[in-house]
Novice: 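I have a structure here, written as structure tokens, and I will follow up with some questions on it.
A, B, ... follow the sequence lines: proteins, then strands. Residue 1 opens every chain. Below, each value reflects all heavy atoms present in this structure, side chains not excepted, and no hydrogens, waters or symmetry copies.
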Protein chains: 2
Amino acid sequence: MMIQQQSCAFDQTSGVRKALDLVADKWTALIIMALAQDTKRYGELHRKIDGISQKMLTQTLRQLEGSGLIHRKVHPVVPPMVEYSLTLLGETLVEPLKALCSWAAEHFHEVEAAREQASTEKTNPNEAA
Amino acid sequence: MMIQQQSCAFDQTSGVRKALDLVADKWTALIIMALAQDTKRYGELHRKIDGISQKMLTQTLRQLEGSGLIHRKVHPVVPPMVEYSLTLLGETLVEPLKALCSWAAEHFHEVEAAREQASTEKTNPNEAA
DNA sequence: CTGAATCCCTTCCGATACTG
DNA sequence: CAGTATCGGAAGGGATTCAG
């Protein structure tokens, strides 16, 4: 086992990995973005993100809470009511995330076009002649 | 099957998903960031990222090439030499990615502190008294 | 050097059922 | 409503081997 050290955060892998491991959870960013607008209840998140299962929602929520990015407020009422909101730390993540989403909104057409072209080239190799 | 439409890209899930599906590959962002500096050969990337296997490197490289984010230039020499570089489209992704990495560099201490505290609270529940 | 292909183990994650 | 527990398929990804 070796310890590798680097000075610049995005010059090497370590800093990048820490960011991605947090965000690349496929659901993490969705939840952050959903909560960026306002506080939401468990069911609201479940309905809003919709593709997510209870398992993944709860699991990701727990992880985000443990990482200090969201706050979980339990209201002692019946039926149970739990509200999730971003912490101050969580709010700082919204900006970079929005930057990424803006990029996607702006360029995903080009990405899909490139993919289309890549498929076409595989199908019709004579194009390259 | 239902079609859900939204006006704002990061208001709903679809736009966010497209961005994350591209970046959340655990290796994709690393490669983009590695190439952000300059053109690199296969072996250089392999050495620089280092945690990656040949399989994942090649696989991710192919995917990025197919998405039009990187360019693959084969030099007809022996031994073989292949250089990878960002396309113009790929370069547009660097900015948002750096934003994310900057966030990580700036806040990952807080995240780890929160995680530490979360573990402590589980171990010592009497803290909350 | 660059890469393809296989094996195989691990993790992810969705579906389902159950609880306070 | 807001979870927890378990099962099982699917996918991710590492190690190894072979090839041009």
Novice: Just how far, in rounded Å, is C1' of C/dG20 from CE of A/Met81?
Specialist: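 A/Met81 atom CE is separated from C/dG20 atom C1' by 18 Å.
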Novice: Between C/dT2, D/dG3, C/dA4, which nucleotide gets closest to the side-chain atoms of A/Val82?
Specialist: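 My answer, after comparing the listed nucleotides, is D/dG3.
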Novice: Would you say the side-chain atoms of A/Glu112 and A/His109 include a donor-acceptor pair closer than 3.5 Å?
Specialist: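 No donor-acceptor contact under 3.5 Å links the two side chains.
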Novice: Between B/Tyr84 and C/dG3, is there a side-chain N or O to OP1/OP2 distance below 4.0 Å?
Specialist: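 Indeed, a polar side-chain atom of B/Tyr84 lies that close.
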Novice: Of the nucleotides C/dA4, C/dC1, D/dG14, which one has an atom closest to the side chain of B/Trp27?
Specialist: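 Nearest to the side-chain atoms of B/Trp27, counting from C-beta on, is D/dG14.
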Novice: Between D/dC1 and A/Arg41, is there an OP1 or OP2 to side-chain N/O distance shorter than 4.0 Å?
Specialist: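 No, no such contact exists.
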Novice: Below 3.5 Å, can you tabulate the donor-acceptor pairs from side chains in residues 75-83 of chain B to any protein atom, sequence neighbours excluded?
Specialist:
residue : atom : partner : partner atom : Å
B/His75 : NE2  : B/Glu83 : OE1          : 3.2

Novice: Where the side chain of B/Pro80 is defined as all heavy atoms beyond and including C-beta, which of C/dC7, C/dC1, C/dG14 is the nearest nucleotide?
Specialist: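 Nucleotide nearest to B/Pro80's side chain: C/dC1.
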Novice: Give A/Gln59 one of three labels, base, sugar-phosphate or nothing, depending on what nucleic acid heavy atoms sit under 4.0 Å from its own.
Specialist: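 No contact.
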Novice: Of the listed nucleotides (D/dA2, C/dG3, C/dC13), which one gets closest to any side-chain atom of A/Arg72?
Specialist: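 Taking heavy atoms from C-beta onward, the closest nucleotide is D/dA2.
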Novice: Rounding to a whole Å, what distance do you find between B/Asp25:CG and D/dG13:P?
Specialist: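 Computing the B/Asp25:CG to D/dG13:P distance gives 7 Å.
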Novice: To the nearest angstrom, how far is A/Glu44 atom CD from D/dC1 atom C1'?
Specialist: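 A/Glu44 atom CD is separated from D/dC1 atom C1' by 12 Å.
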Novice: Which nucleotide sits closest to the side chain of A/Pro79: D/dC1, C/dT6, D/dG3?
Specialist: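 Given the options D/dC1, C/dT6, D/dG3, the side chain of A/Pro79 is closest to D/dC1.
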Novice: Indicate whether OP1 or OP2 belonging to D/dT4 is found under 4.0 Å from a side-chain N or O atom of A/Tyr42.
Specialist: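 A/Tyr42 to D/dT4 OP1/OP2: no side-chain N or O under 4.0 Å.
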Novice: Nearest whole angstrom, please: distance from the C1' of D/dA2 to the CG of A/Leu45.
Specialist: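 It is 12 Å, rounded to the nearest whole Å.
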Novice: So which atom in B/Thr87 and which in B/His71 form the shortest heavy-atom distance, rounded to 0.1 Å?
Specialist: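 Shortest heavy-atom separation between B/Thr87 and B/His71 comes out as CG2-N, 3.8 Å.
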Novice: Taking only residues two or more places apart in sequence, or in another chain, which ones meet A/Glu44 in a side-chain contact (heavy atoms from CB on, under 4.5 Å)?
Specialist: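 Checked A/Glu44 against side-chain contact (heavy atoms from CB on, under 4.5 Å); matches are A/Lys40, A/Arg41, A/Arg47.
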Novice: Just how far, in rounded Å, is C1' of D/dA15 from CD of B/Gln54?
Specialist: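 Nearest whole value for this atom pair: 8 Å.
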